[in-house]
There are 2 protein chains.
Amino acid sequence: MPTILIVDDEEDLRDLVAQRLEREGFKTLHAADGLTGQKLATKKKPDLIVLDLMMPGKDGITVCRDLRKDSRTSKIPILMLTARSGLDEKITGLELGADDFMTKPFSPKELVLRVRNILRRTLSIDAGSTVEVGEFRLDKNSLKLHLAGEEVDLTSTEFKLLLSLIEAPGTVRERGELLQQVWGYSEQIQTRTLDTHIKRLRAKLGDFGSCVETVRSVGYRFVGPSDQPEG
Amino acid sequence: MPTILIVDDEEDLRDLVAQRLEREGFKTLHAADGLTGQKLATKKKPDLIVLDLMMPGKDGITVCRDLRKDSRTSKIPILMLTARSGLDEKITGLELGADDFMTKPFSPKELVLRVRNILRRTLSIDAGSTVEVGEFRLDKNSLKLHLAGEEVDLTSTEFKLLLSLIEAPGTVRERGELLQQVWGYSEQIQTRTLDTHIKRLRAKLGDFGSCVETVRSVGYRFVGPSDQPEG
DNA sequence: TTCCAATGTGACGGATTTGTAAAGAAACTC
DNA sequence: GAGTTTCTTTACAAATCCGTCACATTGGAA
């Protein structure tokens with residue numbers, strides 16, 4: 001679960017945004033709890049910092065600069081919030097190392113989108129773009145498979161194939177469907193390409209290769225843990 | 001019965017997809033009936049929205065964004081359809097909160113699969129894909145039989161045969177009907193294939209083999225618990 | 001009971017499908 | 001353009017499934 005540090009001075013933002021982010025499955029920290037002066041106080045680094053530039057007490061620009069200087073926080077992406085929409089401010093913000101920029105007023109929905117966006121780039125974690133079934137985690141953006149914690153190297157064709165299978169766990173995907181979906185072939189073309197890729201995919205899945213089951217003269221089927229015999 | 005709202009501008013999509021979905025046991029609504037401007041007009045919320053991005057008149061992205069902003073519709077999963085397969089568009093779509101994404105051209109079959117897929121995740125129901133009678137549970141998607149908790153391996157022919165029998169528990173299926181339905185044979189062809197498969201099926205059903213009864217010179221009949229001779 | 005047609009049963013051969021490995025073709029990288 | 005990676009095709013081996021046969025058994029009609 002990604003952690004987001006919110007640095008601001010306004011109660012309303014804290015409530016609105018934090019609640020929203022938490023509902024979307026993020027963990028939030030607040031400046032008061034997470035920062036001492038301009039230094040990060042928590043043990044665990046947040047995955048993203050939401051920084052409000054318009055803070056009555058402090059100077060957001062300075063905070064940002066300091067965050068960037070500190071080796072512990074310099075790599076953490078920053079999403080900046082500002083009241084004015086001045087172009088210079090925006091440029092300054094991006095110069096300072098902000099990863100994205102939002103002008104008030106904004107909808108919480110949009111904030112969540114931008115947060116997701118940044119995290120996708122930096123963590124390749126995004127609820128909408130990953131498919132998780134059992135030990136399998138497929139990330140559609142990075143085209144990577146994490147299997148039981150280990151990263152497995154798949155080619156793009158293998159990835160698409162596995163994705164097609166895994167998107168409907170337990171369901172038999174007909175050969176024609178797969179050829180259509182993965183290769184864009186017409187459904188009744190005669191080729192052994194599919195078989196070959198299935199074999200290679202199974203090999204790369206190692207012990208989990210048996211999760212890809214053959215349904216003779218129909219197609220293939222992905223069987224995850226929940227669909228295993230005795231599920 | 002899950003309701004699906006289709007937001008598009010094309011007659012063909014409406015007909016093709018809607019008819020297919022309805023045949024699969026879903027109820028469909030159309031944008032014209034279900035949306036006023038970008039707001040949901042119907043009383044009953046749909047369980048899923050199928051949104052076509054390529055609409056001559058409207059801007060699909062905007063429609064999507066608005067749907068997401070409206071608290072009444074923000075939680076409803078969206079399946080996006082698009083003509084181009086551009087990655088940015090895909091990412092934009094997912095950012096906007098679409099739950100899945102399909103690029104035209106696609107097969108209606110695949111659409112149904114994805115719809116099922118999303119609904120399974122969100123509603124954890126799957127319309128009409130399983131037939132349950134007594135200890136027997138047949139899943140048309142996975143082509144698997146669960147019998148008294150145990151998974152039984154059936155070939156696709158055996159599966160079709162059992163399905164034909166079990167869809168009308170207690171009713172006698174004539175040999176001709178079965179040959180027609182399972183093998184596509186003409187009804188009065190002379191063959192022992194049916195007998196052989198019945199035998200193999202019974203063997204695989206083990207103790208439950210007796211649920212498949214012979215009706216001499218007519219055909220076969222599946223007898224579940226409630227239809228057993230002995231109450 | 002006797003007889004006959006229908007069905008059960010086991011085994012076989014063949015056809016089809018899939019697994020597997022390796023080689024050729026295409027795409028991509030440097 | 002050489003070398004690497006990935007994809008596709010090809011060829012052969014292995015597995016699976018199917019349909020038919022021969023024979024045994026059953027059940028009902030005469």
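Quick note on labels: first sequence line is chain A, next is B, and so on, each numbered from 1.
For F208(A), the ring-ring contact (aromatic ring centres under 6.0 Å, His included) criterion is met by F136(A), not counting sequence neighbours. Contacts of T171(B) classified as side-chain contact (heavy atoms from CB on, under 4.5 Å), with partners at least two apart in sequence or in another chain: A168(B). Applying the side-chain contact (heavy atoms from CB on, under 4.5 Å) rule to T214(A) yields the partners R202(A), Y220(A); only residues at least two apart in sequence or on another chain are considered. For E174(B), the side-chain contact (heavy atoms from CB on, under 4.5 Å) partners at least two apart in sequence or on another chain are E177(B), V218(B). For R192(B), the salt bridge (charged side-chain N to carboxylate O under 4.0 Å, His left out) partners at least two apart in sequence or on another chain are D195(B). Residues passing the salt bridge (charged side-chain N to carboxylate O under 4.0 Å, His left out) test with E167(B) are K140(B), sequence neighbours excluded. Applying the salt bridge (charged side-chain N to carboxylate O under 4.0 Å, His left out) criterion to E132(B), with sequence neighbours excluded, gives no partner residue. A search for side-chain contact (heavy atoms from CB on, under 4.5 Å) contacts involving E151(A) returns K144(A), H146(A), not counting sequence neighbours.
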Measure all distances between protein nitrogen or oxygen atoms and nitrogen or oxygen atoms of nucleotides 12-17 of chain D, and list the pairs falling under 3.5 Å.
unit_1  : atom_1 : unit_2  : atom_2 : d
dA15(D) : N3     : R216(A) : NH2    : 3.3
dT16(D) : O2     : R216(A) : NH1    : 3.2
dT16(D) : O2     : R216(A) : NH2    : 3.2

At a cut-off of 3.5 Å, list every protein nitrogen or oxygen paired with a nitrogen or oxygen from nucleotides 27-30 of chain C, distance to 0.1 Å.
none

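Distance, I198(A) CD1 to dC7(D) P: 13 Å, rounded to whole Å. Distance I189(B) CD1 to dT20(D) C1': 12 Å, rounded to the nearest Å. D195(B) places its CG atom 8 Å from the C1' atom of dA6(C), with the value rounded to the nearest Å. Rounded to whole Å, atom P of dG8(C) lies 14 Å from atom CG of L205(B). Here the C1' atom of nucleotide dA6(C) and the CD atom of E213(B) are 17 Å apart, to the nearest Å. Regarding F159(A), its CZ atom lies at a distance of 15 Å from the P atom of dT6(D), rounded to whole Å.
The nearest heavy atom of DNA chain D to Q190(B) and to D153(A) marks one nucleotide each, and the one closer to the 5' end goes with D153(A).
The CD atom of E135(A) lies 11.5 Å from the CG atom of D207(A); values are rounded to the nearest 0.5 Å.
Put simply, the side chain of K27(B) never gets that close to the backbone of I4(B): no donor and acceptor are under 3.5 Å apart.
Under the 4.5 Å side-chain criterion, counting only non-hydrogen atoms from C-beta, P46(B) is in contact with I76(B). Contact check for L162(B) versus L138(B): side-chain heavy atoms found under the 4.5 Å cut-off.
Near DNA chain C, defined here as any heavy-atom distance below 4.0 Å, the residues from residues 174-186 of chain B are R175(B), listed numerically.
Checked against dC21(D), dA21(C), dG8(C), the side chain of T214(B) finds its nearest nucleotide in dG8(C).
Taking only side-chain nitrogens and oxygens, Y220(B) comes nearer than 4.0 Å to OP1 or OP2 of dG8(C). Within the structure, every side-chain polar atom (N or O) of K199(B) is placed at least 4.0 Å from both OP1 and OP2 of dT7(C).
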| query | Where do L5(B) and V50(B) land on the side-chain contact (heavy atoms from CB on, under 4.5 Å) test, with the steps shown first? | reply | CA-CA 6 Å; L5(B) 174 63; V50(B) 174; over 6 Å; no

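For the residue pair T157(A) / T155(A), no side-chain donor-acceptor distance below 3.5 Å is found, with atom types taken as modelled.
Note that the two end axes of the helix from dT1(C)-dA30(D) to dC30(C)-dG1(D) enclose an angle of 30°, each drawn from 5 base pairs, rounded to 10 degrees.
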